[in-house]
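Before I ask anything, here is the structure I am working with.
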Amino acid sequence: MTAVLMNPPVPPKFTKRDERRAVQQSKVKIRCRLQDLIDAQGMTRSALAQATGLTNAAIRGLCENIAKRYDTDTLAVLCDFFGCGMGELFEVIPKEFK
């Protein structure tokens, strides 16, 4: 029996987020309203971290809208803490084009 050599699958080419066509064409973006919820409660990010057990880094990423991926367990903890749903934690807003 002879072995058949096959070409290994070629992984897809990596494309930076800002260069992806779908990202470029989107007219909206997602904004996390966590800082608004924190302010409405009159608390600090550190107090939220202490009360929920979440890391300061996770809270900062959401508050400053720099997180690119959202951990579902983190979101569940925040929704439970604030007694809100995902629609109150996030909003869809128009993108500002330059």
Side-chain angles (χ1 to χ4, degrees):
M1 180 180 230
T2 60
V4 177
L5 295 177
M6 299 177 73
N7 292 332
V10 178
K13 181 183 172 207
F14 176 78
T15 306
K16 292 180 184 176
R17 175 183 279 298
D18 293 338
E19 294 173 1
R20 295 181 191 155
R21 186 172 29 156
V23 173
Q24 290 173 345
Q25 293 175 346
S26 175
K27 295 181 174 102
V28 296
K29 64 181 180 178
I30 304 295
R31 178 183 172 270
C32 182
R33 298 186 61 248
L34 181 57
Q35 187 63 57
D36 300 339
L37 295 171
I38 292 171
D39 293 343
Q41 293 290 322
M43 62 188 324
T44 64
R45 293 178 187 180
S46 296
L48 178 62
Q50 193 169 33
T52 61
L54 298 173
T55 65
N56 286 320
I59 292 170
R60 184 183 70 248
L62 291 166
C63 286
E64 296 176 8
N65 283 284
I66 56 175
K68 297 298 181 194
R69 289 178 171 70
Y70 304 104
D71 181 76
T72 57
D73 293 333
T74 298
L75 300 180
V77 167
L78 292 171
C79 287
D80 183 47
F81 181 82
F82 288 108
C84 68
M86 294 293 287
E88 295 165 279
L89 187 57
F90 291 98
E91 66 180 335
V92 178
I93 59 172
K95 246 187 204 178
E96 296 176 12
F97 289 97
K98 298 174 185 172

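For this chain, numbers begin at 1 and follow the sequence in order.
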### Message
Taking side-chain hydrogen bond (donor to acceptor under 3.5 Å, both in side chains) as the definition, give me every residue that meets it alongside R45, ordered by chain and number, with sequence neighbours left out.
### Response
Q35, E64

### Task
For residues 37-62, pull every pair meeting ring-ring contact (aromatic ring centres under 6.0 Å, His included), keeping only residues two or more places apart or in separate chains.
none

Would you tabulate the side-chain donor-acceptor contacts of residues 53-63 under 3.5 Å, counting partners in other chains and residues two or more places apart, or write 'none'?
unit_1, atom_1, unit_2, atom_2, d
T55, OG1, A58, N, 3.0

#### Entry: Where at least one partner belongs to residues 19-55, residue pairs that pass ring-ring contact (aromatic ring centres under 6.0 Å, His included), sequence neighbours excluded
none

For residues 71-82, run the donor-acceptor check on the side chains, cut-off 3.5 Å, and write out each pair with its distance to 0.1 Å, sequence neighbours left out.
unit_1, atom_1, unit_2, atom_2, d
D71, OD2, D73, N, 3.2
D71, OD2, T74, N, 3.0
D71, OD2, T74, OG1, 3.3

Show me the donor-acceptor pairs, under 3.5 Å and distance only, between side chains in residues 85-94 and residues at least two apart or in other chains.
unit_1, atom_1, unit_2, atom_2, d
E88, OE1, G85, N, 2.8
E91, OE2, R31, NH1, 2.7

## Note on the structure
CG of L48 to CD of Q41, rounded to nearest 0.5 Å, is 9.5 Å

